[in-house]
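Just below is one structure, and these are the notes that go with it.
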Amino acid sequence: MLTTGTPALDDALAEALAQPVRQPIWRLMVDLAGDGGFAHPWSDLNGLVTEIDVERAITGDLPEGTAQVEGYASAKLTARLEGRFPDGTPITDAVIQRPGNPLWAGVSVRYDLGLLTKVGPVMLRQFTGVVRATTLRASSGQVELTAADGAERLRAAITLPAISLDGLQQAKYGDAYRYWMNSQWIVDYVLRANGILTAAAPLPGAVLSVTGHGALTPEIGFGGQPLGTTGTYTGPLWTNGPDGMLAPNGGGSIPPYTASYTGTRPVPVTFGGGFGMAAWIYHGAGAPLGGGLTTSPVLEILPADQRSLRLVLQPNGGIAFSVRIVAPTDMFTVCPIVLDSTVKWRLIAAHVSWSAGSPTSITQLTVNWYIDGQTATTVTTRNVLAGGEFPSALATLTVVRPISGVQIWTSPTPPAPGGWPQLPPAPPADIDPGLNEFTCLPSISGQDSWDVLKEVAGAEFAVPGFNEAGRFSFLNRATIAARQSAPPTGRVTVDDLAEVNATTSMDSVRNEIAISATPAYTCTPRVLIESTDPLSYVIPANTTDRRTVVLPEGSVNFSGLLNSLTSGIVVRVPSANWNDNVQTGFCMVRVDQPTTEVTSNVSVVVRRLTGTTAQIRIINSNAFAVQFTTNEATPRPAFRVSGTVVTADPTRTDTITDDASIATYRRRSLDLPSGPWRQRVEPFQALARTLLNELAHPNAVYDRIPVPGDPRRVLTDTITLAYPTTVTASIVGITRRLSTTDGFVDELTIRPVTT
């Protein structure tokens with residue numbers, strides 16, 4: 001139920017609604033200037049309104065007539081206008097596309113409705129959206145304006161990153177390896193793609209951003225496959241983060257686990273350069289690190305081989321930055337800010353700059369610290385080799401404590417005051433944790449944002465949508481059930497009813513639910529990059545050859561490389577050993593002597609650049625050209641790099657039944673097929689039992705009941721209908737019609753609440 005937020009105004013509105021004679025008031029505004037001010041001379045449409053309809057409904061996939069509240073919420077406004085603006089311009093002239101007239105399609109619209117009360121006008125927001133069309137009816141001098149809710153703005157094309165859990169670890173550890181991804185991450189990812197940021201906005205120069213909202217998958221960058229096992233820990237893998245969203249759990253009895261990433265750009269180790277790293281961490285002297293560790297890197301960058309840059313935590317509240325050139329020669333720069341014993345979410349951030357030396361050799365390291373609003377600077381002398389070739393940045397995140405909102409960015413200077421990562425002042429959306437879990441992200445490329453949200457919600461019978469004020473919400477089944485069990489917000493009696501149609505049908509009964517789910521993991525490696533022509537890889541003498549190659553769809557990591565899952569050295573294989581079983585490696589011979597095998601002075605490094613491309617860098621230091629073939633009389637191409645590709649497991653099935661209902665109504669089945677968003681059968685076993693409670697017996701369905709209008713009513717409100725017997729029901733549809741001559745009425749579609 002909507003409120004003004006002021007009890008005195010709410011009481012006055014309730015009293016006015018109870019009177020036999022009511023005086024409606026309204027405000028319909030369009031932002032024709034497009035600046036959010038609604039100040040254009042034609043923005044105020046109040047005096048032109050003859051009728052306004054707002055239709056809200058929850059539309060789902062269950063059989064028609066079921067009592068279940070599920071689907072996606074949508075709203076549409078239709079306003080009929082006639083007359084002139086105060087400047088004398090007819091509405092029919094204002095909407096015509098002509099020089100000097102503003103464009104109407106696509107501009108914001110808002111609509112408030114209320115009553116004149118004893119304390120004055122009291123209105124509540126009824127609709128926030130965008131104008132879709134204006135239709136001029138010249139014969140009557142009327143204009144019909146139609147508008148859609150916030151879903152109209154969710155139109156960014158969504159392409160999901162290729163990410164999957166490790167099938168080999170799943171096979172090894174079974175349920176102990178349970179880093180399933182929560183559907184909240186998908187919802188949040190789609191909103192972020194459309195500018196609705198639930199976490200800190202990425203800083204300029206960001207090469208990695210990981211909110212952690214239900215997955216360790218990055219929003220900027222790629223990779224992020226969790227490695228490790230939860231062992232005997234049976235607690236929750238997710239906790240409530242600093243922004244109210246899910247965050248990876250860690251600390252205490254939870255063993256640390258890691259995810260490795262590749263940034264979108266390099267983090268250069270160059271004189272005069274710098275980079276930053278930040279994360280919200282549940283940190284303080286009283287919190288042990290995961291797995292009982294005494295100190296641990298939380299965030300590590302590997303800009304080149306045998307070099308690591310780490311943000312390090314200690315249980316006593318200490319924070320440090322370390323540089324490792326060649327183990328074990330670590331250099332620690334200790335932050336002078338030590339967090340007190342209060343364990344809570346803290347923003348821990350550092351900007352690192354190479355502040356003295358030369359283009360080839362760095363002699364000074366400056367760290368600007370930003371710890372939960374406190375600042376400090378440390379300067380350390382250390383010789384570091386500068387330069388190098390880094391087409392992308394590698395990073396590893398270790399979850400030794402609950403963590404959220406990870407960022408890495410490049411910048412020669414630290415952020416200005418107020419420029420460090422900041423959480424939104426208020427959450428811009430209400431996103432429940434999903435009740436669905438994924439083993440991989442489905443292969444989606446260029447799909448409409450709103451369509452993705454509807455599919456994700458439909459898989460677990462959640463309800464996404466925008467409310468009257470234009471705020472997005474994603475309500476899971478638990479929230480819907482809680483709303484259904486809440487005290488009714490209103491009562492409709494026989495005196496309020498002009499007409500009521502109640503339909504009770506066997507068509508709505510389902511007493512057997514078949515569940516199917518298809519998990520997918522990265523499993524057996526396969527060749528991703530391969531030379532198919534003896535002349536494909538010919539490298540001239542004393543040159544460096546760089547090539548960008550496209551990776552197959554669904555590829556996640558490389559295998560068989562030295563150093564990393566996303567970057568590493570390709571090892572040479574002797575020609576005598578080259579066969580179809582070699583998945584990663586190369587052979588090389590002299591171009592001028594094809595039977596002479598070359599065994600030295602050639603290095604091959606493969607590094608991912610994006611989620612779908614990789615760079616091959618080949619350095620030939622020999623005084624002669626080489627080619628990647630065997631040294632046989634008929635040479636065979638000899639260059640391969642293998643990796644893991646997301647592969648589906650066999651589909652798992654289960655059937656949940658209500659035997660009592662089957663005995664009474666015979667067997668009536670509902671199939672929940674696997675599809676791309678149903679990957680683990682366990683979440684749907686619990687969901688199916690919940691559905692059976694409401695589907696196993698026929699329920700009366702009440703459609704389009706005309707009742708006196710009440711601007712406080714909203715979808716999913718619970719009301720009491722006292723006809724023909726007293727029924728408690730949820731509102732799943734509202735058509736609210738305002739007429740300047742007849743006042744306003746509601747038509748309600750309701751679903752009885754199963755008790």
Side-chain angles (χ1 to χ4, degrees), residues 61 158-187 189-190 214-218 222-227 229 237 259 434-447 451-452 454-461 513-530 550-560 565-566 583 608 611-612 641-656 671-688:
D61 296 327
I158 300 299
T159 298
L160 294 181
I163 188 65
S164 161
L165 300 189
D166 189 322
L168 298 179
Q169 293 216 349
Q170 171 65 22
K172 178 178 179 180
Y173 296 113
D175 284 343
Y177 178 68
R178 54 191 182 94
Y179 298 114
W180 308 303
M181 294 175 276
N182 188 280
S183 54
Q184 186 182 81
W185 187 89
I186 302 286
V187 177
Y189 182 77
V190 172
L216 286 177
T217 304
F222 50 95
Q225 186 175 46
L227 299 174
T229 170
L237 287 178
L435 302 182
N436 191 7
E437 297 165 340
F438 308 129
T439 62
C440 72
L441 296 184
S443 178
I444 286 179
S445 179
Q447 187 169 336
D451 288 342
V452 172
K454 289 193 293 185
E455 289 180 8
V456 171
E460 58 181 284
F461 297 103
I513 300 181
I515 308 164
S516 299
T518 305
Y521 301 92
T522 51
C523 299
T524 306
R526 58 174 263 199
V527 174
L528 304 181
I529 306 169
E530 182 175 19
V550 177
L551 301 173
E553 181 178 335
S555 60
V556 175
N557 288 321
F558 293 134
S559 59
L565 294 173
T566 53
Q583 291 190 314
R608 292 186 70 174
T612 57
V641 177
S642 64
T644 53
V645 176
V646 178
T647 305
D649 272 5
T651 298
R652 296 181 59 195
T653 61
D654 195 9
T655 302
I656 310 298
D671 183 24
L672 300 184
S674 57
W677 303 104
R678 288 181 176 146
Q679 300 174 15
R680 297 192 65 248
V681 74
E682 290 81 2
F684 298 106
Q685 290 171 327
L687 177 64

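Residues take their numbers from the sequence shown, with the count starting at 1. Because the structure is a prediction, the values reported are computed rather than measured.
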Using a 4.5 Å cut-off on heavy atoms from C-beta on, say whether the side chain of [Y] contacts that of [X].
X      : Y      : value
Arg678 : Pro673 : yes
Ile163 : Met181 : yes
Thr217 : Leu160 : no
Thr644 : Val556 : yes
Trp180 : Pro683 : no
Asn436 : Phe461 : no
Gln225 : Thr522 : yes

Is the side chain of [X] donor-acceptor paired with the backbone N or O of [Y] at a distance under 3.5 Å, no angle test?
X      : Y      : result
Thr159 : Gly446 : yes
Thr439 : Ala520 : yes
Thr647 : Val645 : yes
Gln679 : Cys440 : yes
Gln184 : Gly214 : no

Smallest separation among heavy atoms of [X] and [Y], with atom names:
X      : Y      : answer
Pro519 : Pro650 : CD-O, 3.9 Å
Trp677 : Ala459 : CB-CB, 3.7 Å
Arg526 : Pro552 : NH2-CB, 4.0 Å
Pro442 : Pro676 : CG-O, 3.3 Å
Pro161 : Tyr189 : CD-OH, 4.0 Å
Asp671 : Ala514 : OD1-O, 3.5 Å

| query | Which residues pass the side chain to side chain donor-acceptor pair (under 3.5 Å) test with Ser183, sequence neighbours left out? | reply |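 Residues passing side chain to side chain donor-acceptor pair (under 3.5 Å) with Ser183: Glu460.
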| message | Please verify the inter-ring angle class for Tyr179 with Tyr177; under 30° counts as parallel, over 60° as perpendicular, anything in between as tilted. | response | perpendicular
| For Asp166 and Tyr173, what are the C-alpha separation, side-chain angles and deciding distance, and is it a side-chain contact (heavy atoms from CB on, under 4.5 Å)? | CA-CA 11 Å; Asp166 189 322; Tyr173 296 113; over 6 Å; no
| request: Please assess Thr651 against Thr518 for the test side-chain hydrogen bond (donor to acceptor under 3.5 Å, both in side chains), listing each intermediate value before the final yes or no. | output: CA-CA 4 Å; Thr651 298; Thr518 305; 2.8 Å; yes
| said: Taking salt bridge (Lys or Arg N to Asp or Glu O under 4.0 Å) as the definition, give me every residue that meets it alongside Asp451, ordered by chain and number, with sequence neighbours left out. | reply: Lys454
| note | Residues at least two apart in sequence or cross-chain that pass salt bridge (Lys or Arg N to Asp or Glu O under 4.0 Å) with Arg652, listed by chain then number, are Glu682
Any chance you could measure [X], atom [atom1], to [Y], atom [atom2], to the nearest 0.5 Å?
X      : Y      : atom1 : atom2 : answer
Thr655 : Ile515 : OG1   : CD1   : 7.5 Å
Asp654 : Ile513 : CG    : CD1   : 11.0 Å
Leu672 : Ile656 : CG    : CD1   : 10.0 Å
Glu437 : Leu237 : CD    : CG    : 9.0 Å

| task | May I ask you to establish whether Arg608 and Phe222 are in a cation-pi arrangement, using a distance under 6.0 Å from NZ or CZ to the six-membered ring centre and at most 45° from the ring axis? | result | no
